[in-house]
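Notes to accompany the following structure.
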Amino acid sequence: MATLQLNVNGQNYAVNVSNPDMPLLWVIRDLIGLTGTKYGCGIEVCGACTVLIDGQREHACVFDASSAVGKKVVTIEGLSADSSHPAQKAWVANQVPQCGYCQSGVIMTVAGAMKAGHHGSEILSEVKNLCVCGTYQRIRQAAAML
Amino acid sequence: MTTQTQPSRRGFITAATGGLTLSFLLPEINRLGELQAAVPGTVNTWLQIATDNTITLTIGASEMGQGSFSALAQILAEDLMVDYAKIRTVQAQPSVTSTRPVGASINTVGSSVTRTNFWKMRDAGAIARELLVQAAMNLKGDQTRANFIASNATVKHVPSNTLLAYGSLAAAAAALAPPSSAPLVPDSQFRLIGKTQTRIDIPEKVNGKAKYGIDIRIPGMVYAVIKHCPSFGGTLASQPTTPRGMLAVVPTQVIAGTGRGTEVTGAVNAVAVVGPNTWDTWQAVKSLNVSWNLPANAANLNNAKFMADADALLASATPYVAGGANPPGTLYTVESMGTPGTAIAASPKKLDATYTLPYVAHACMEVLNCTVNYVPGISCEVWAPTQSARAVLQLAMLITGMAANQIVVRTTYLGGGLGRKAETDFVSQAIQVAMAVRKPVMLMWPREQDFTRDQYRPMAKVHVTAGLDASANITGWSYRNVSPSILGQRGSVLGPKGDSQGIEAANALPYNFGARLTEWVSHPSPIPVGFWRSVGASINTFAVECMIDELAAAAGMDGYNFRRAKLTDPRWIRVLDEAAKLGNWTSPVSSGRARGIAIGTAFNSIVAEVVEISAATATGVKINRVSCAIDCYVAVNPGGIQAQLQGGIVHAINAALYGQQTFVNGAAQASNFNKSRMIRLQEMPQIDTFIIPNPGAADRALNIGGAGELGVPTFAPALANAYFKLTGNRLRGLPLFPGATMGGL
Ligand code: FES
Ligand code: FES
C-alpha cells in the first residue's frame, strides 16, 4: 500500500494504491472515479486513454501513477468547464463522434498538439488514435478549424 | 397509428399526470433480422407532452453512434409540428409484457431502427398533433379544422388570432379518443425529414460525460475480470485458489441461449477473478494458474483444417433432405434457373474462381462489460452496453429466477456494438459473478479476451463459375458458398434454402445471368460465429462483384459498362451511375493510380462504390479515394447517413486490408490491435457520398433501407478490382495483406 498525492483537473487527491506502478488510467477511472478517460488496448496502440501531464500528451494505460505525483494531470473532464475548448467546439460543429468512445483520447491528443503550438494539418499528423467507428474524415474537417 | 400496431384504444392513450401520453408499439427486429410478432397489448415507446410544454420521447433502442435516437426524434417532430431540438429523448428500460411506461426494449440490429419505425413515428406525431388541435377546437368552440394551424408546438386559432401552447392543451387532449389516423405533412413541406440535423448525443461525447457500460460506478462495487479457456471448447479442470488480495475466483458457465458452436450450455468455460479495482484484479488474472480440459477435437480447430473442409464441400456435399437431420456439410439450393453447368460448358469463355474469406473479430472500441447489483430475493439491476436489452431481461430472469418486476435493465451508451453487443454471453457471466459475491460488480473483458473470445464474422470459401458467349452475354452463373451457419449456431433449424444470413446478397441479384444456380453449404467448423456489420453481404458481395469484374475483363469490357449492360433493375443502374459519376469513372485516372467499382445490396438499400488506389506493394496499398452512392429510398438525416457510410467504409478497409482471426488448436491468435492492424487517420482516404434523393411522395408499401452497415459490402470487391487494374494481379482472398501488425502510437 502506498498513498499517492495526485493533482487531476486542478483538484488534489490522496489515493491509496496497492502498488505505485498501477497505471494512471485505472487510478483515474476506478479510484478517483473520473470515467471520461477510456481503456481501449492497454498496450499504447489505440490512444483512447490519452491525458495531458504537465501539458504533455501521455497514454495513461502505461503511465505509472507514481510518476504523475507532483505534476498536473488534465483529463477530458478538465479540458474546459463548459465544453468551450476550441477542439470541443469544433467537434460538435462538425458532428465528429459516432459511438464517441475514442473521442476523449482524440480530443486530448488534439488539445495537447494545440498546446505544443500546432495548427490545422500539423495537428492531424499528431493524431494517431484508433477510431473503430471510422470518424477520421470528420476529425480532419474539425481539426482544420483549429 | 395504423391498426395493427395499436395495442388498444385504452393502451394507446393515457391521461398521465402532467399532460398527454401516447404509448405505442414500434415493431422489433429480432436477432435473426426478422420482424417480431407484437405481443398484444404491449407498448414500448412513449410520447409525452407535459403541461410545462416539455416533450419527451421514451424509447427502447440502443445508441451506439448510429444516431437512431436523434433520427426518431427528428421524424416525430416533423408531423408533431415542433422544433426537433425541443424533443427530449429518454432511454427506456425493457419489460417483458408490461404496458406500464417503464419502457420496453427494441433490439438494435440490422440497420433497422430508423427504417422500420419511420411510418410509426410519423403517425404518432400526426395523431398527437390532431388531438391537441381537437382540444383547441373544443376550447374555442370552433369545430372548423381549417381555422386552426399547428406549428412550433402551438395551435393557432386564426379567426381570434390566439396562440395555445401544446402544454396548455395536453391535459384536455388526453381526455379525447385518438383518431385511428391523421394526415401527414406532405413531402414537399418537410422541414426536417431529408435535412441534416445535429445529433442529440454529441455534446456529452466531447466532454467525458457520456456514460458507457464500462463507466458505471456504484458505491461499494467490486471489479471482476474474465479469463476464458484459451481454446474454444475447453472447460475448467479445477477450481483455482483465490489470489491474495482478491475476493473470489468465480467459475462461470455457459447459460442456455448464450453459447455458440463449441460453447455448450452448462460448460464452465471461464473464471472471473473479483477484486477491489480493475488493475489489481487484472494483474491477479494474468498470474492466475488455471488448469483447463482442452476439447477432444482441439487439434481439428485450426485454419488448415477449416480450409480443407471447405474445399471438400465445394467439391461435393450432401443435398438437404426435407425433415432429415441435415448435419453441417449439407448443401442447400437457394435459387435455380435453367442449367448453368450445361450453359457454361457450351460457352466460348468459361471462368472459374474461388474466393476465400477469413474469420473476423468485431473489436468494438469499448470492450465487453456488464455491471450487476444483485440483492438476493429482492432485486437485480443490470447495466449493459447492449443491443438486446429485452434478451438481457429474459436472461436475468432465467439465471436469478426472479420475476420481471424485480429486475431492472439499464442500457448504457455503447462504445460500438457492431453486432457483438447483440450477444449476451458477457451479461450472463456478470450476473453469475454478482450472485456469487453479492456485491455490486462490474465484469470486464480485457482487450485480449475481447479479440480471442469473439463470435466472429464467419469464414467462407465461395466457388463461382460463369460463361460468356461471343457477344459478352453471361450464359450461366453457378455460385456455391461454404460457410459456418450463424443461425444454426443459434439453434435455428435450417429450411431448404439454408441460412438466410449466410447467403444474403448472393441470391435474387438483378443481373442478367442466363441460367443460374445459387447454393449454400453449412461448414462444420464450431468456432463461434455471429452477426458482423452487414453480415452475409460482407462475404457474398465480395465474391459476386469480383467475379463480375473477372467476367468484364474476360469480355474486354470496362467494369462499369459491363455491369450497366447486365443490370436489370433501374434503381441499381441509377446507383451505379451516381457512384461512377462521383468517382470520376469516365475521366482518365492519374498515373500510378487505378479505380475499381462494385455494387450490392443489404437491408433494402442499394450501394455502389468506386475505390481509387495507388502504390501497391506486397504489404499494402494506398487508398486515395472512395466514392459511395446509396439508395435507401427515404433518407431521414443525410448527414447521419454520410457519417455511417464513412464509418462503414473504414470498417471495411480495416477488414479488407488486414482483418482476420486465425486459430491454432482452438486458440485465437490475434489478441490485440497490435496483431490486427487497422487504419489510422493518416491512411484515411477521401470519402465522398451521394444519397439518391427522397422520392417526391414516399409509398408505405416500399421498404425504407438501412444505412448503418451499408458502407461495408461493396468496398472489398471494389478494392480488389482496383488492385487488379493497377497490378494485373487478381487477389481472391481476404484480407489482402494478412499478418499485418500495428506499431505503437
Ligand atoms: S488504452 Fe492506452 S493506448 Fe490504448
Ligand atoms: S467514435 Fe466510436 S471509436 Fe471513435
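In the text below, chain A, chain B and the rest are named by the order of the sequence lines, each starting its count at 1.
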Just wondering, are more than 12 heavy atoms of other shown residues or ligands nearer than 6.0 Å to [atom1] in [X]?
X: Gln56(A); atom1: CD; answer: no
X: Lys211(B); atom1: NZ; answer: yes
X: Lys89(A); atom1: NZ; answer: no
X: Lys286(B); atom1: NZ; answer: yes

Less than 4.5 Å to any heavy atom of chain A: does that hold for the side chain of [X], its backbone, both, or neither?
X: Val650(B); answer: side chain
X: Ile214(B); answer: both
X: Asn277(B); answer: both
X: Ala210(B); answer: backbone
X: Pro446(B); answer: both
X: Tyr223(B); answer: side chain

I'd like to verify something: which residue of [options] has the highest number of heavy-atom pairs under 4.5 Å with chain A?
options: Met444(B), His651(B), Met221(B); value: Met444(B)
options: Ile649(B), Asn654(B), Asn674(B), Asp450(B); value: Asn674(B)
options: Arg447(B), Arg533(B), Arg680(B), Met742(B); value: Arg680(B)
options: Ile679(B), Asp280(B), Thr278(B); value: Thr278(B)

Separation of [Y] [atom2] from [X] [atom1] (nearest 0.5 Å):
X: Trp279(B); Y: Ser18(A); atom1: CH2; atom2: OG; value: 10.0 Å
X: Gln98(A); Y: Arg199(B); atom1: CD; atom2: CZ; value: 6.5 Å
X: Gln682(B); Y: Lys128(A); atom1: CD; atom2: NZ; value: 5.5 Å
X: Asp215(B); Y: Thr35(A); atom1: CG; atom2: OG1; value: 4.0 Å
X: Ser83(A); Y: Ile202(B); atom1: OG; atom2: CD1; value: 12.5 Å
X: Tyr101(A); Y: Lys205(B); atom1: OH; atom2: NZ; value: 13.0 Å

Test your reading of the model: is there a side-chain donor-acceptor pair from [X] to the backbone of [Y], 3.5 Å cut-off?
X: Glu44(A); Y: Gly744(B); result: no
X: Gln137(A); Y: Ile687(B); result: yes
X: Tyr136(A); Y: Glu683(B); result: no

Which heavy-atom pair separates [X] from [Y] by the least distance, and what is that distance?
X: Thr198(B); Y: Gln95(A); result: CA-OE1, 3.3 Å
X: Leu414(B); Y: Cys99(A); result: O-CB, 3.5 Å
X: Val127(A); Y: Leu681(B); result: O-CB, 3.8 Å
X: Ser104(A); Y: Gly208(B); result: OG-CA, 4.5 Å
X: Gln642(B); Y: Arg138(A); result: OE1-NH2, 2.7 Å
X: Gly100(A); Y: Tyr212(B); result: C-OH, 3.1 Å

Which portion of [X] sits near chain B, non-hydrogen atoms under 4.5 angstrom:
X: His85(A); answer: neither
X: Leu34(A); answer: neither
X: Asn129(A); answer: backbone

Can you list the steps and then say if Leu130(A) with Met365(B) is a side-chain contact (heavy atoms from CB on, under 4.5 Å)? CA-CA 9 Å; Leu130(A) 267 191; Met365(B) 203 76 221; 4.3 Å; yes
Is the closest side-chain donor-acceptor distance between Gln686(B) and Arg140(A) under 3.5 Å? no
Select, from [options], the one with the greatest count of heavy-atom pairs under 4.5 Å involving chain B.
options: His59(A), Glu77(A), Gln103(A); value: His59(A)
options: Ile139(A), Ile43(A), Val92(A); value: Ile43(A)
options: Ala87(A), Gly78(A), Pro23(A), Ser125(A); value: Pro23(A)
options: Cys46(A), Cys131(A), Ser80(A); value: Cys46(A)

Flag the pair Tyr39(A) / Trp282(B) as yes when their ring centroid distance falls below 6.0 Å, and as no otherwise. yes
Measure the shortest side-chain to side-chain distance between Val132(A) and Leu418(B) over non-hydrogen atoms and say whether it is less than 4.5 angstrom. yes
